[in-house]
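Comments concern the structure below.
Everything numeric here is computed off the predicted structure, so don't read it as measured data.
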Amino acid sequence: MQTPAPMPAPSPSLSLPLSIADWPAVSALFDDGRDLDAASRRAWLDALRREQPRLARQVGGLLAAQNDEAPAAAHDPRPAH
């Protein structure tokens, strides 16, 4: 019998669990933040942390995770679908 592979640890920047009730707001905020340049994003996240700290943790974690994966994705030789 084969032992299943362990589950990967969640990104330390993500605050889990994400409530399904929060997802529409987190998703919209993520889209807003993703469209900003780095300096504007930092200022925007600082304001969001003051106004909506719980959502800011989720959004900040998602944006950080995207940035962590962006360099690898940019060099991925597989064609985009």
Determine whether D35 and W44 satisfy the following criterion, side chain to side chain contact (heavy atoms under 4.5 Å, CB included), listing intermediate values before the conclusion.
CA-CA 11 Å; D35 293 338; W44 176 80; over 6 Å; no
Rounded to the nearest 0.5 Å, how far apart are CG of L62 and CG of L29?
10.5 Å
Should Q58 and F30 be marked as a side chain to side chain contact (heavy atoms under 4.5 Å, CB included) after you check the CA-CA gap, both sets of side-chain angles, and the distance that decides it?
CA-CA 9 Å; Q58 298 290 345; F30 172 78; over 6 Å; no
Which pair of non-hydrogen atoms, one from G33 and one from R41, has the smallest distance, and what is that distance?
O-NE, 2.9 Å
Residues at least two apart in sequence or cross-chain that pass side chain to side chain contact (heavy atoms under 4.5 Å, CB included) with A47, listed by chain then number, are R50, E51
Which residues pass the side-chain hydrogen bond (donor to acceptor under 3.5 Å, both in side chains) test with S40, not counting sequence neighbours?
D37
D22 meets the side chain to side chain contact (heavy atoms under 4.5 Å, CB included) criterion, sequence neighbours left out, with L18, S19, V26, R54, L55
Which residues pass the side-chain hydrogen bond (donor to acceptor under 3.5 Å, both in side chains) test with D31, sequence neighbours left out?
R34
Going by the rule side-chain hydrogen bond (donor to acceptor under 3.5 Å, both in side chains), which residues pair with D32 if we only count those two or more places apart in sequence or in a different chain?
none
Pairwise distance CG(L45) to CZ(R57) - rounded to 0.5 angstrom
13.0 Å
